[in-house]
Amino acid sequence: MIEEIRFSDPGERATEFERRLVAQAGAVENEWLDLARRMMAVVGEDAGLRAFLVLLDEMGGGEVSVCKRGKFFQRLWTAERDALIVNMASRESDPWPQAEIARLLGVSAPYVHKVLRRKLGRETRGGAA
């Protein structure tokens, strides 16, 4: 499952993981996601998403208020990533250590600790939850 989590770099096509994030975002309130979906509806799914990524690559992080490509997909993935953190740390047998979860998902160990504390509603230690 971890192997399928891959984000594209500027100039690349969207990865299958990013395409799934856009498709499964559901009722997420995000004006950029709405724009991406409108572009996909007007010019087709593939061409619309490619055009949207060009917009993010060319204008993201500049003077105009456009987020960069990486930030857009990271924001879409937050809820799923946090659920994955809880799932990995809460396994009955052989829970993952927080430091390993952080390394695999590219987040900090304190972030993993914060997610577990917030989602599980209890204090966690540096090892398993």
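All values derive from a computational prediction rather than experimental measurement. All residue numbers in this chain count up from 1 along the given sequence.
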Would you kindly confirm whether [X] and [Y] end up in one hydrophobic cluster when ILVMFWY residues are joined by side chain heavy atoms under 4.5 Å apart?
X: V54; Y: F72; result: no
X: L49; Y: V43; result: no
X: V107; Y: L120; result: yes

Atom pair [atom1]/[atom2] of [X] and [Y] - distance to nearest 0.5 Å:
X: L76; Y: K71; atom1: CG; atom2: NZ; answer: 13.0 Å
X: R6; Y: E12; atom1: CZ; atom2: CD; answer: 5.0 Å
X: E16; Y: E4; atom1: CD; atom2: CD; answer: 10.5 Å
X: D9; Y: R69; atom1: CG; atom2: CZ; answer: 7.5 Å
X: L53; Y: F73; atom1: CG; atom2: CZ; answer: 5.0 Å
X: T15; Y: L21; atom1: OG1; atom2: CG; answer: 7.5 Å

Name every donor-acceptor pair, under 3.5 Å, that has one atom in a side chain of residues 31-40 and the other anywhere in the protein, sequence neighbours excluded.
residue, atom, partner, partner atom, Å
R37, NH1, G26, O, 3.2
R37, NH2, V22, O, 2.8

>> Determine whether R81 and I5 satisfy the following criterion, side chain to side chain contact (heavy atoms under 4.5 Å, CB included), listing intermediate values before the conclusion.
In response: CA-CA 10 Å; R81 179 191 60 212; I5 300 170; over 6 Å; no
> Would you say R13's side chain and R50's backbone share a donor-acceptor pair under 3.5 angstrom?
Replying inline: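 Such a contact is absent between R13 side chain and R50 backbone.
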> So, E100 side chain and P97 main chain: donor-acceptor pair closer than 3.5 Å or not?
Replying inline: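 No, because the side chain of E100 does not come within donor-acceptor range (under 3.5 Å) of the backbone of P97.
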Between [X] and [Y], what is the shortest heavy-atom contact and its length?
X: A89; Y: P95; answer: O-CB, 3.3 Å
X: G11; Y: D57; answer: N-OD2, 2.9 Å
X: Q98; Y: A109; answer: OE1-O, 4.4 Å

>> Check this for me: does any side-chain nitrogen of one of D46 and R19 sit under 4.0 Å from a carboxylate oxygen of the other?
In response: yes
>> Restricting to ring pair (Phe, Tyr, Trp, His ring centres under 6.0 Å), what partner residues turn up for Y111, sequence neighbours left out?
In response: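 Partners of Y111 by the ring pair (Phe, Tyr, Trp, His ring centres under 6.0 Å) criterion come out as none, since no residue qualifies.
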